[in-house]
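In the text below, chain A, chain B and the rest are named by the order of the sequence lines, each starting its count at 1. Nothing here was measured: the structure is a model prediction, and the numbers come from that model.
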Protein chains: 2
Amino acid sequence: MPLNIQRKEVLTYGISMALLLLLLKWLEAHFIVFNYRLEFFVGAIAIIFMVLGIWLAVKLVKPKLVIRVVEKEVYINNLKPGEINQKEIEKFGLSKRELEVLALIAAGLSNEEIAGKLFVSLNTVKTHSSNIFLKLDVKRRTQAIEKAKRLNIIH
Amino acid sequence: MPLNIQRKEVLTYGISMALLLLLLKWLEAHFIVFNYRLEFFVGAIAIIFMVLGIWLAVKLVKPKLVIRVVEKEVYINNLKPGEINQKEIEKFGLSKRELEVLALIAAGLSNEEIAGKLFVSLNTVKTHSSNIFLKLDVKRRTQAIEKAKRLNIIH
DNA sequence: ACCGAAATCACCCGAAAGTGTGAAGGAAAA
DNA sequence: TTTTCCTTCACACTTTCGGGTGATTTCGGT
């Protein structure tokens, strides 16, 4: 139990103590104390000093610290994993179809496979990918993948 | 000052109080108390109850609750970003040079650019990348990127 | 000293990717 | 209604990629 007793508080306590003893002396001198039963007198003293003790302790004892550690999950980039950055997409003006193609490119599909999956011709996929590269300002599909992943345009 | 007085503690205090009063009675009954001066007796009572009060207060003062929020970074896959999975690399038997080439492929470089960066010929880079595709069991560089990133072989 | 893996390079060929241009239909906006 | 954008497709052409084969050098381990 760490007691952080400061000089000022001790002084206050000392003065209180002295005053109480003075009162005691006065009571003894005037024989008033013996008008009451000894138990009552002792009980009063006990209560007074106990209250004083409680007051002292509450005043001076450093509050107990209970540290409750709460873990807060923090995602890097303010983005939950797998979340896409809509603002970046709008910034580059990528259309819905172009995003589909971009995602499939990043998945490692060839243009022909993409064409098959989207039910369009190979030439269409080529056009889309060319437009993607233009809008993203890249030269190759691998660069497009890198940039798109870095900017959270695709997961 | 919030006092959190619990039933058990109050009981303990009550018993202590009763014992003390019993002691007092006994002392009074045996007239031992009057062998000493009244001030000493009262002082003893005062000190005892003050200590009791202090003890009570210290015991019962509600501990101050401090909530400490610890930010915990959350990563997918138990791997820190940029951390690589050495076991996967060994599983595929990728050499050091092949890893370099793989990283540059994933960075979006062309074979020629990789050759320039590694001070080797274009044919060497082609050989490396072919071996990479064989070891990773993929057909294209984009597939290699996808697989390598998924398995944390590269960042 | 020898072996095997790694790294280097060359050449050829076919496949895939990317460029440029043009065009047509449809939907939404001005 | 006109314009703009999206989507679709074609064709020709260039570049890059990837497979196959073979060769040389270097380096660590037995």
Side-chain angles (χ1 to χ4, degrees), chain A residues 84-151 153-154, chain B residues 84-151 153-154:
Chain A
I84 56 160
N85 197 336
Q86 203 64 37
K87 288 175 185 172
E88 291 289 344
I89 294 174
E90 286 166 18
K91 209 169 80 184
F92 289 107
L94 290 167
S95 74
K96 209 200 301 186
R97 201 57 160 172
E98 285 162 354
L99 275 178
E100 287 184 87
V101 173
L102 181 54
L104 294 175
I105 285 174
L109 302 206
S110 70
N111 286 340
E112 198 138 28
E113 288 169 338
I114 295 171
K117 190 157 264 187
L118 297 183
F119 300 105
V120 294
S121 80
L122 173 61
N123 284 310
T124 304
V125 177
K126 282 186 174 187
T127 307
H128 283 316
S129 54
S130 277
N131 289 332
I132 291 169
F133 304 152
L134 273 178
K135 290 180 179 177
L136 288 184
D137 189 31
V138 295
K139 288 191 177 63
R140 279 172 291 282
R141 48 175 52 220
T142 51
Q143 269 187 14
I145 294 171
E146 193 278 328
K147 190 162 190 176
K149 287 210 175 190
R150 180 161 43 81
L151 301 179
I153 290 175
I154 52 172
Chain B
I84 55 161
N85 197 337
Q86 203 64 38
K87 289 175 185 172
E88 291 289 345
I89 295 175
E90 287 167 18
K91 209 169 81 185
F92 289 108
L94 290 167
S95 74
K96 209 201 299 185
R97 201 56 159 174
E98 285 163 355
L99 275 178
E100 287 184 86
V101 173
L102 180 55
L104 293 175
I105 285 175
L109 303 206
S110 70
N111 286 340
E112 197 140 30
E113 288 168 338
I114 295 171
K117 190 157 265 186
L118 297 184
F119 300 105
V120 294
S121 80
L122 173 61
N123 283 310
T124 304
V125 176
K126 281 187 175 187
T127 307
H128 284 315
S129 54
S130 278
N131 290 331
I132 291 169
F133 303 152
L134 273 178
K135 290 180 178 178
L136 288 185
D137 188 32
V138 296
K139 289 191 177 63
R140 282 173 289 283
R141 47 175 53 219
T142 51
Q143 269 186 15
I145 295 171
E146 193 277 329
K147 190 162 189 175
K149 288 209 174 191
R150 180 159 45 80
L151 300 180
I153 290 174
I154 52 172

Salt-bridge contact E146(A)-R150(A) (side-chain N to carboxylate O under 4.0 Å)
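Salt bridge present between E146(A) and R150(A).
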Euclidean distance, atom [atom1] of residue [X] to atom [atom2] of [N] [Å, nearest integer]:
X       : N       : atom1 : atom2 : answer
K139(A) : dG18(C) : NZ    : C1'   : 13 Å
F133(B) : dA15(C) : CZ    : C1'   : 14 Å
R140(A) : dT19(C) : CZ    : C1'   : 14 Å
I132(B) : dA7(C)  : CD1   : P     : 10 Å
Q143(B) : dA16(C) : CD    : C1'   : 13 Å
L134(B) : dA6(C)  : CG    : P     : 13 Å
K96(A)  : dA28(C) : NZ    : C1'   : 13 Å

Where along residues 113-131 of chain A does a heavy atom fall under 4.0 Å from DNA chain C?
K126(A), S130(A)
Heavy atoms, side chains only, cut-off 4.5 Å: are K139(A) and E113(B) in contact?
no
Could you tell me if the side chain of L136(B) sits less than 4.5 Å from the side chain of L102(B), heavy atoms only?
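Yes. Closest side-chain heavy atoms under 4.5 Å.
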Given dA6(C), is OP1 or OP2 found less than 4.0 Å from the side-chain N or O atoms of R97(B)?
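No, no such contact exists.
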Phosphate-side-chain proximity, S95(B) and dA7(C), N/O vs OP1/OP2 below 4.0 Å:
yes
Hey, is the main chain of L94(A) close enough, under 3.5 Å, to the side chain of K135(A) for a donor-acceptor pair?
no
Has the side chain of K147(B) got a donor or acceptor atom that lies under 3.5 Å from a matching backbone atom of V138(B)?
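No, because the side chain of K147(B) does not come within donor-acceptor range (under 3.5 Å) of the backbone of V138(B).
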Among the nucleotides dA16(C), dG18(C), dT8(C), whichever has the atom closest to the side chain of S110(A) is dA16(C)
Which value, rounded to the nearest 0.5 Å, describes the distance between E100(A) atom CD and I132(A) atom CD1?
10.0 Å
Between CZ on residue F92(B) and CD on residue E98(B), distance to nearest 0.5 Å:
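Here the interatomic distance stands at 13.0 Å.
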Testing T127(B), V101(B), V125(B) one by one against V120(B) for a side-chain contact (heavy atoms from CB on, under 4.5 Å), which residue passes?
V125(B)
Qualifying residue for side-chain contact (heavy atoms from CB on, under 4.5 Å) with N111(A), from L122(A), N123(A), L104(A), T124(A)
L122(A)
Identify the 5'-most and 3'-most nucleotides of DNA chain D with at least one atom closer than 4.0 Å to a non-hydrogen atom of chain B.
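Range of nucleotides within reach of chain B: dC17(D) to dG19(D).
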Which atom names give the shortest non-hydrogen contact between L109(A) and R140(B), and what distance separates them?
C-NE, 3.9 Å
In short, S129(A) meets I105(A) closest at the heavy-atom pair CB-CD1, 4.0 Å
Between the two end axes of the helix from dA1(C)-dT30(D) to dA30(C)-dT1(D), each built from 5 base pairs, what angle do you get to the nearest 10°?
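Roughly 50°, once rounded to the nearest ten degrees.
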